[in-house]
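Chain letters run A, B, ... following the sequence lines, proteins first and then strands; every chain starts at 1. What you see below is based on every heavy atom in this structure, not just the backbone, and it leaves out hydrogens, waters and symmetry mates.
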Amino acid sequence: MEEQLTRKQIRFWSGAYFVIILAMIGGFVLATSQITYSWHWSVVPTYFVAHETVKVQAELEGTVDSIQSSGESSTITVKGEDGTFESYEVPSGGELLAGETDMVFPGDTLASYQEWRPGLLMLGMMVTIKVSLYAIVIGILLGIWGGIARISANPAARWLAYTYVELIRGTPLLVQIFIWYYIGSTLINQLFHKYIGFEIPALWYGVIALAMFTGAYVTEIVRSGIQSINHGQTEAARSLGMTHFQSLRYIIMPQAMRRILPPLAGQFISLIKDSSLLGIIAVRELTKATREAVTTSFASFELFFTCAALYLILTFTLSLCVQYLERRMGTS
Amino acid sequence: MIDVKNVDKIFYAPHKIQALTDVSANIESGEVVVVIGPSGSGKSTFLRCLNHLETADAGHILIDGVDLLDPATNIDKIRAEVGMVFQSFNLFPHKTVEENIILAQRVVRKRSLSEARERTAILLEKVGIQDKAKVFPPQLSGGQQQRVAIARALAMDPKIMLFDEPTSALDPEMIGEVLDVMKTLAREGMTMVVVTHEMGFAREVADRVIFMDSGRIVEVGPPEHFFTNPSHDRTKLFLNQIL
Ligand SMILES: Nc1ncnc2c1ncn2[C@@H]1O[C@H](COP(=O)(O)OP(=O)(O)OP(=O)(O)O)[C@@H](O)[C@H]1O
Ligand SMILES: [Mg+2]
């Protein structure tokens, strides 16, 4: 029996919700004022885009021969003592410090301009997106094959898939990341170094760890999705002469996909959050980038809140995409 | 055309059951054979063995001289020649009526889209639902769905059609329209094996009737013999119960 509330009670508790939220925020602000934390929200944007001054320096001794400006940029040409010419580009908006016929020596600043660079948080977020995307794609592929293998008639395929799922689901992700990283760097990288001549960067061990982890869960999601489709569908497809693979591809998978999508979305949202663990193997993803930013700025409160907000944006975007896909599949 | 020799089938789960015991039968090209018998007597199992949806444990099943139980046989090739219609239709709900019929023509028969479309239009007209080509199966009545299922099987140009209680899931007023399609097929000379409780259909269309009980074929004969003076007591008992 569901709890019944009167209209008045509902209004009261709706108000209570906002009061509780505001009280929590207010309490937090009050607490920070007690410890005289000084807020520096203004530093946060500099961790998204930082600009720095680039100096254009002369590389030879001589005199400034000409300064030509076109719409896009200016070109400073210096004539050397020995008669050689060198020219330097300065983007428009740059500040010209040398004039024509000026004497210059190597190292003199001819001009300076401002350059925009992605900041630490921006770079970290790009790494998080990149790592998550790769891991999602590999995880889907692993999961589809795993799910099909889990219910295959072939015992080798079935048991391999089962072993994979149990191994991955039964151990902490953190430990798996360590295993991939340390076994990766000592074993695989040394073998690669010996026989092929290059090494795999740490980031890729992180991607593999996340992909293998996600693949195991996707395997179970795909398996239950396939099993939720009435067996009569397979029989109808096979009785028409379709192969096992064709019936999976044209009949079972398209129908299973609708049931697979919602739990899959949850899995991928977990994946984005779990990628924050990769900081421990020196992958500078969003969380690690935030920690680095904190050590240089002392704006720890602002940066960690920003970091959390960025994760929220990523996960929320993903769940919107999946909702869109679901709606599109529902109507077709 | 179909030659079944000494077939046994045993199910182990949930408990051991011998569904077929020493079943032998011979079905000629163009013949219509109706299989009757009490529930659980092995009719469906027998039918499903004929296109290898169930694997018989012993014996031989020859379709046009090719043994289904020989591991070297390409079962997908045989199945394309043996159409099957199920009690529960088993249409593909994510595809329109037209797509249901086109799909296997494309991926199994490798027909071009236009060729497959043409064939689909002809078949839909044959089963009397040409105006429903773009509709999804759940929007059709049971009788219409079953006629689409028949058209889907016919699209492969099979040599044999198997029917497992095609009218048992239908409301009474829709049984006739499905039986009419089947009668037309029989008249055109299709080889058919039909499991059904429709004794009127058996009497009118069948060349022979097979009576099964407890996993065995008890009696085989033409319908006039069958319904007027069956030779076995069990057949008499069964016919008394249902007629
Ligand atoms: N997939 C299966 N697994 C286990 N036992 C099965 C399976 N299919 C059929 N059986 C059993 O085999 C026996 C024969 O079943 P079958 O479906 O062939 O009977 P039937 O004559 O078609 O009955 P009905 O008229 O109810 O459809 C029954 O005892 C049934 O329980
Ligand atoms: Mg049956």
For this session: Counting only heavy atoms closer than 4.5 Å, note whether B/Leu91 contacts chain A via side chain, backbone, both or neither.
Result: backbone
Exercise. Taking everything shown except B/Glu118 itself, do over 12 heavy atoms lie less than 6.0 Å from its CD?
Worked result: no
Seminar exercise, completed: Turns out that what part of B/Arg152 lies under 4.5 Å from chain A's heavy atoms comes down to both
Problem set entry | Where B/Asn90 and A/Ala236 come nearest, the two heavy atoms and their spacing | O-CB, 3.5 Å
For this session: Would you check if A/Pro254 and B/Phe92 make a side-chain contact, meaning some heavy-atom pair closer than 4.5 Å?
Result: no
Exercise. Can you tell me how far CZ of B/Arg79 sits from CD of A/Glu235, rounded to the nearest 0.5 angstrom?
Worked result: 9.0 Å
For this session: Under 4.5 Å, counting heavy-atom pairs only, tell me which of B/Pro93, B/Ser88, B/Gly83, B/Ala153 racks up the most with chain A.
Result: B/Pro93
Problem set entry | Side chain proximity check, A/Ile251 to B/Leu103, heavy atoms < 4.5 angstrom | yes
For this session: Would you name the heavy atoms of B/Asp76 and A/Arg238 that are closest together and state the gap between them?
Result: OD1-NH2, 3.2 Å
Exercise. Just wondering, more than 12 heavy atoms not from A/Phe316 lying within 6.0 Å of its CZ?
Worked result: no
Exercise. What's the spacing between A/Gln233 CD and B/His94 NE2 if we round to 0.5 Å?
Worked result: 7.5 Å
Problem set entry | Part of B/Val107 within contact of chain A (heavy atom distance under 4.5 Å) | both
Exercise. Which region of B/Lys77, side chain (C-beta onward) or backbone (N, CA, C, O), has a non-hydrogen atom less than 4.5 Å from a non-hydrogen atom of chain A, or is it both or neither?
Worked result: neither
